[in-house]
Trainee: 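Below is one structure. I have some questions about it.
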Amino acid sequence: QVQLAESGGGLVQPGGSLRLSCAASGFTFSWAAMSWYRQAPGKERELVAAITSNGQSTDYADSVKGRFAISRDNAKNTVYLQMNNLKPEDTAIYYCCARRWGRVDDWGQGTQVTVSS
């Protein structure tokens, strides 16, 4: 059974940093493209960052470019999202997503990130 377990969320002041982790199991992690999405109450889910299966290419939402960095460690079956200079508008539930060829996307349970003074 595919399992994606996010961790590392919490409450942080504007300008602070958090690192989210997503531990994957139940599939061949190194063959899957991974991504982070977020969703705030009443808003559509949006792509935050994505990384190819081998980690060679990344993509970011314009709103987080220069502040967030996605990375992966295929030996540990884990994908990370380093978030720096956090802003109140970053407040959302952050979800880990795995994309495998010929399969529907798999999602984690989400972790809450709250940026507030």
Side-chain angles (χ1 to χ4, degrees):
Q1 185 176 12
V2 171
Q3 193 75 39
L4 300 173
E6 301 98 331
S7 61
L11 175 64
V12 65
Q13 294 184 348
S17 297
L18 287 172
R19 189 179 76 157
L20 306 183
S21 298
C22 174
S25 61
F27 65 100
T28 304
F29 180 78
S30 62
W31 291 2
M34 302 297 297
S35 57
W36 289 94
Y37 287 76
R38 67 187 181 188
Q39 188 167 25
K43 301 185 70 175
E44 279 251 350
R45 182 185 62 192
E46 65 173 341
L47 176 68
V48 177
I51 189 167
T52 55
S53 59
N54 62 5
Q56 288 294 110
S57 297
T58 58
D59 188 44
Y60 298 93
D62 288 343
S63 59
V64 307
K65 286 180 179 176
R67 299 189 298 119
F68 290 12
I70 188 171
S71 61
R72 66 190 296 160
D73 187 339
N74 284 354
K76 297 181 179 179
N77 288 354
T78 302
V79 63
Y80 305 94
L81 184 68
Q82 179 66 47
M83 305 186 294
N84 298 323
N85 192 24
L86 283 160
K87 303 176 179 180
E89 51 263 44
D90 296 319
T91 296
I93 301 175
Y94 284 71
Y95 297 93
C96 179
C97 176
R99 176 163 290 170
R100 297 177 288 156
W101 178 253
R103 314 285 295 214
V104 296
D105 293 347
D106 296 291
W107 298 87
Q109 81 288 346
T111 185
Q112 178 71 49
V113 172
T114 302
V115 185
S116 176
S117 299

Trainee: Minimum heavy-atom separation for C96 to M34, with atom names?
Mentor: SG-CE, 3.6 Å

Trainee: Taking all non-hydrogen atoms of both residues, which atom of A5 and which atom of Q109 are closest, and how far apart?
Mentor: CA-OE1, 3.7 Å

Trainee: For L86 and R67, work out which heavy atoms get closest and say how close.
Mentor: CA-NH1, 3.9 Å

Trainee: Can you name the closest pair of heavy atoms from G9 and V113 and give their distance?
Mentor: CA-CG2, 4.2 Å

Trainee: If hydrophobic clusters are built by linking Ile, Leu, Val, Met, Phe, Trp and Tyr wherever their side-chain heavy atoms come under 4.5 Å apart, do Y37 and I51 end up in the same one?
Mentor: no

Trainee: What about Y80 and L20, same hydrophobic cluster or not, with Ile/Leu/Val/Met/Phe/Trp/Tyr joined at side-chain heavy-atom distances under 4.5 Å?
Mentor: no

Trainee: Examine Y60 and Y94 and state if one hydrophobic cluster contains both, with Ile, Leu, Val, Met, Phe, Trp and Tyr joined whenever side-chain heavy atoms are less than 4.5 Å apart.
Mentor: yes

Trainee: What closest approach, in Å, do A49 and L81 show between heavy atoms, and which atom pair accounts for it?
Mentor: CB-CD1, 4.0 Å

Trainee: Hey, does the Lys NZ or Arg CZ of R72 hover above the aromatic six-ring of F29, less than 6.0 Å from the centre and inside 45° of the axis?
Mentor: yes

Trainee: Is D90 salt-bridged to K87, cutoff N-O under 4.0 Å?
Mentor: no

Trainee: Would you say that M83 contacts V48 through its side chain, given a criterion of any heavy-atom pair below 4.5 Å between the two side chains?
Mentor: no

Trainee: Considering non-hydrogen atoms only, spot the tightest contact between K65 and D62 and give its length.
Mentor: NZ-OD1, 3.1 Å

Trainee: Report yes or no: do I70 and I93 belong to one cluster of Ile/Leu/Val/Met/Phe/Trp/Tyr joined by side chain heavy-atom distances under 4.5 Å?
Mentor: no

Trainee: So Y95 and E6, do their side chains get closer than 4.5 Å, heavy atoms only?
Mentor: yes

Trainee: Please walk me through it: do S35 and L47 pass side chain to side chain contact (heavy atoms under 4.5 Å, CB included)?
Mentor: CA-CA 8 Å; S35 57; L47 176 68; 3.8 Å; yes

